[in-house]
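Sequential numbering from 1 along the given sequence is applied to the chain's residues. In listed order, ligands and their atoms are each counted from 1. What you see is a predicted model, and the numbers here were worked out from it, not measured in a lab.
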Amino acid sequence: MHEFRFKNNRLYCENVAVEAVARRFGTPLYVYSYRTFVVHFRKLKAAFRAVRPLICYSVKANSNLAILRVLVREGAGLDIVSGGELYRALKAGCPPQRIVYASVGKTDAEIEEAIRRGILFFNVESLPELENINRIAGRLRKKTDVALRINPDVEPKTHRYITTGKLTNKFGIDFRTAKKILMLGQALTHVRIRGIHIHIGSQITIGEPFVEAIKKVVAFIAAMKARGIAVEYLNIGGGLGIIYKNEKPQTAVEFARKVLPVLRKSGLKIIMEPGRFIIGSAAVLVTKVLYIKKTPLKKFVIVDAGMNDLIRPSLYDAHHRIVPLAARSGQSEKADVVGPICESGDFFAKARRLPKVREGEYLAVMSAGAYGFSMASNYNSRRRPAEILVRGSSVTVIRRRESFEDLIRNEGR
Ligand code: LLP
C-alpha cells in the first residue's frame with residue numbers, strides 16, 4: 001500500500017502532483033508520503049496488538065528528524081546503531097526508555113552517552129562488548145540493562161549483503177556462547193541481562209525464517225529459565241520485506257498470524273525493529289532526464305540523480321520501479337537508466353523497458369524511502385538532495401538541498 005497514484009495520467013503523492021513539487025524544489029528530490037508510513041506503522045501495531053509490542057523503528061532506514069518525530073508521536077520507540085543515531089533519537093523527542101541500541105562496534109564514548117541517557121537496552125553482540133559495558137557502567141556507578149543478540153543461524157533467503165543471522169555473519173552470539181554469557185552475566189555487577197534479541201536480515205518476504213528463528217530462541221529462553229536464569233524481553237528485530245518488483249511479501253496481518261502464536265505462548269514482552277516495512281514504499285526519488293544517448297549497442301537515459309543519491313541498485317543490484325511522472329501508453333523501449341557519476345556502477349536500471357522518455361522530463365524511482373537518503377553521500381562533490389514531506393495537500397521541506405558551502409564546511413578556509 002502506498003499513496004503514490006496516477007490521476008489523469010499524472011503521478012500524485014497524496015493530493016499533490018509530484019511534478020509540481022519537482023518544479024518548485026528542483027531535482028534530484030526525495031518526496032515522502034506522510035500517510036503511507038504512518039499507516040504502515042499503525043498496521044503493524046494493530047496486527048500485533050495481542051502482545052502490545054514496543055515497535056522500535058529502525059533509524060538507519062531513514063533518519064530524517066521529521067520522520068522520526070512523527071513516528072515517536074505515534075508511540076514508536078527507536079532502534080539505533082551509533083552515537084549519531086542516539087543524538088537524532090533524542091532530538092526527535094524519543095523517551096530514552098524507548099531506545100534500543102545494536103551494533104557490533106560500539107565505542108566507549110557511545111556506550112557512556114547511552115548509559116547516561118538511560119536507554120532501554122543495549123543489544124549486545126559479543127562477550128568483550130558486554131564486559132566493556134559492565135566496566136563503563138561501573139565507572140559511572142550505574143547499572144544498565146542489556147539484551148543479548150543471538151545469531152540463530154537461519155537462512156533468510158535474501159541478498160547476501162543483508163543476511164545477518166547466519167553463523168558466517170559478524171552479528172550476534174551463537175547459542176553455546178550465549179548460554180555461557182547468561183550464566184556468567186549473574187556475576188557482572190553493573191549490567192542486567194533482561195532480554196534476547198535477534199535480527200536475521202532484511203527484505204525478507206516469507207514468514208518461515210522468522211518463525212524458525214523465533215522458535216529457536218524461545219526454546220533457548222525456556223531452557224535457560226529451567227536453569228533459573230530468566231529474561232523478560234524478546235526483540236524479534238526487523239527485516240520485513242516490501243514490494244519493489246513482483247515480490248509477494250507477507251502483510252503485517254499474515255506475518256502476525258505466523259509468529260503471534262509462538263510469541264504469545266512465550267509470555268515475554270515483545271520488541272520489534274522494522275525499518276523498511278514502515279518507510280520503504282513511502283518515498284520516491286524524483287529525477288530529471290538530462291540526455292538520451294544512443295550508442296551502437298544501447299540506449300542510455302541519463303538522469304540528474306546518481307548512485308550517491310540512491311545506492312541500492314549499484315550496491316545490491318536492487319530493482320526499483322521507474323515511472324515517468326506523466327504516464328502514457330504507446331511505444332516502449334529498452335534502456336539503461338544511469339546517473340552522471342564517473343562510475344559504470346552508477347545506474348538505476350539496466351535494459352529496462354520504459355515508455356519512450358524525452359529529455360527534460362521527470363521520472364520517479366519508486367520505493368526509495370528506506371536506505372535511500374540515509375545511504376546518500378557527497379561522492380563527486382554532489383550536494384545531497386532535498387527531502388519533501390507531503391501530507392494531504394500540504395508540502396513541507398524536511399531537509400533543504402545541500403549548498404556548495406555545505407560541501408566544504410569542515411575543511412577550513
Ligand atoms: N534491526 C537491526 C539490528 C538491523 O541491523 C536492521 C537493519 C533493522 C533492524 C531494520 O531492518 P529492516 O526492517 O529495515 O529490514 N541497506 C540495505 C539494508 C540493510 C539493513 C541493515 N540492518 C538495503 O538497502 O537493502
Undergrad: Have a look at ligand 1 and work out which part of His199, if any, has a heavy atom under 4.0 Å from it: side chain, backbone, both or neither.
TA: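 Contact part for His199 vs ligand 1: side chain (C-beta onward).
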
Undergrad: Under 3.5 Å, is there a donor on one side chain and an acceptor on the other for Tyr316 and Gln203?
TA: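 No, Gln203 and Tyr316 have no side-chain donor paired with an acceptor closer than 3.5 Å.
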
Undergrad: Which of these, Lys60, Arg149, Arg98, sits in a salt bridge (Lys or Arg N to Asp or Glu O under 4.0 Å) with Asp79?
TA: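 In the set Lys60, Arg149, Arg98, the residue that makes a salt bridge (Lys or Arg N to Asp or Glu O under 4.0 Å) with Asp79 is Lys60.
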
Undergrad: Looking at Tyr101, I'd like to know if the NZ or CZ of Lys106 sits under 6.0 Å from its six-membered ring centre while staying within 45 degrees of the ring's axis.
TA: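 Verdict for Tyr101: a cation-pi partner in Lys106.
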
Undergrad: What part of Glu273 sits under 4.0 Å from ligand 1 if we count only heavy atoms: the side chain, the backbone, both or neither?
TA: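 Both of them.
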
Undergrad: Does atom CZ of Arg52 have more than 12 heavy-atom neighbours, drawn from other residues, nucleotides or ligands, at distances under 6.0 Å?
TA: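 It does not: Arg52 CZ has 12 such atoms or fewer within range.
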
Undergrad: Is the distance from the ring center of Phe255 to that of Phe48 below 6.0 Å?
TA: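 Yes - the distance between ring centres of Phe255 and Phe48 falls below the 6.0 Å cut-off.
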
Undergrad: For ligand 1, note which part of Tyr316 has a heavy atom under 4.0 Å away: side chain, backbone, both or neither.
TA: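 The side chain, only.
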
Undergrad: Provide the number and element of each atom of ligand 1 under 4.0 Å from a heavy atom of Gly238.
TA: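 Within the 4.0 Å cut-off of Gly238, ligand 1 contributes 9 (C), 13 (O).
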
Undergrad: Distance to 0.1 Å, residue and atom name: give those for the protein heavy atom nearest to atom 10 (C) of ligand 1.
TA: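 Scanning the protein heavy atoms, the shortest distance from atom 10 (C) of ligand 1 goes to Ser58 OG, 3.4 Å.
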
Undergrad: To the nearest 0.1 Å, how far is atom 15 (O) of ligand 1 from its closest protein heavy atom, and which atom is that?
TA: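 Minimum-distance protein heavy atom for atom 15 (O) of ligand 1 reads Ser202 OG, 2.4 Å.
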
Undergrad: Under 4.0 Å between a side-chain nitrogen and a carboxylate oxygen: does that hold for Arg409 and Glu411?
TA: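 No, no charged N to carboxylate O under 4.0 Å.
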
Undergrad: Compute the shortest N/O to N/O distance between His197 and ligand 1 and return yes if it is under 3.5 Å, no if not.
TA: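 There is no such contact.
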
Undergrad: Are Asp309 and Arg382 close enough for a salt bridge, meaning some N to O gap below 4.0 Å?
TA: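 Between Arg382 and Asp309 there is a salt bridge, with a charged N closer than 4.0 Å to a carboxylate O.
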
Undergrad: In terms of residue, atom name and distance, what is the protein heavy atom nearest to atom 4 (C) of ligand 1?
TA: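 Of every protein heavy atom, Lys60 NZ, 3.1 Å lies nearest to atom 4 (C) of ligand 1.
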
Undergrad: Write out the residue and atom name of the closest protein heavy atom to atom 14 (O) of ligand 1, then the distance separating them to 0.1 Å.
TA: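 Checking every protein heavy atom, the shortest distance to atom 14 (O) of ligand 1 gives Tyr371 OH, 2.6 Å.
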
Undergrad: Before accepting this row, confirm whether a basic side-chain N of the pair Arg192/Asp145 lies closer than 4.0 Å to the acidic partner's carboxylate O.
TA: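 So Arg192 pairs with Asp145 through a salt bridge.
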
Undergrad: Check Arg352, Lys299, Lys298 against Glu333 for a salt bridge (Lys or Arg N to Asp or Glu O under 4.0 Å) and give me the one that passes.
TA: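 Of all the options given, the one that passes is Lys299.
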
Undergrad: Any atoms of ligand 1 less than 4.0 Å from a non-hydrogen atom of Gly275? List them with their elements.
TA: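 Reading through ligand 1 atom by atom, the close ones are 12 (P), 13 (O), 14 (O).
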
Undergrad: With heavy atoms of Arg149 as the reference, note each atom of ligand 1 found under 4.0 Å away.
TA: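 With Arg149 as reference, the close atoms of ligand 1 come out as 3 (C).
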
Undergrad: May I ask you to check whether over 12 heavy atoms, not counting those of Arg139, lie within 6.0 Å of atom CZ?
TA: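 Enclosed.
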
Undergrad: Using a strict threshold of under 4.0 Å (side-chain N to carboxylate O), is an ion pair present between Asp108 and Arg135?
TA: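 Yes.
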
Undergrad: Gly239 versus ligand 1: do any nitrogen or oxygen atoms come within less than 3.5 Å of each other?
TA: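 The answer is yes, given that Gly239 and ligand 1 share an N or O pair closer than 3.5 Å.
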
Undergrad: Counting each atom of ligand 1 from 1 as listed, which ones have a heavy atom of Met375 under 4.0 Å away?
TA: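 Taking each heavy atom of Met375 in turn, ligand 1 has 16 (N) under 4.0 Å.
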
Undergrad: Can you tell me the protein heavy atom closest to atom 19 (C) of ligand 1 and the distance?
TA: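 Checked against all protein heavy atoms, atom 19 (C) of ligand 1 sits closest to Ile162 CG2, 3.6 Å.
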
Undergrad: Which of the atoms in ligand 1, numbered in the order shown and given with their element, are less than 4.0 Å from a heavy-atom of Asp79?
TA: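 So the answer, numbered in order with elements, is 1 (N), 2 (C), 9 (C).
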
Undergrad: Could you say whether the N/O atoms of Arg276 and ligand 1 ever approach to under 3.5 Å?
TA: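 Yes, Arg276 has an N/O under 3.5 Å of an N/O on ligand 1.
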
Undergrad: Give the atom numbers and elements of ligand 1 that come within less than 4.0 Å of a heavy atom of Pro274.
TA: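 Those qualifying, in numeric order: 13 (O).
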
Undergrad: Among all protein heavy atoms in this structure, tell me which lies nearest to atom 24 (O) of ligand 1, with the distance rounded to 0.1 Å.
TA: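 Of the protein heavy atoms, Arg312 NE, 2.6 Å lies nearest.
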
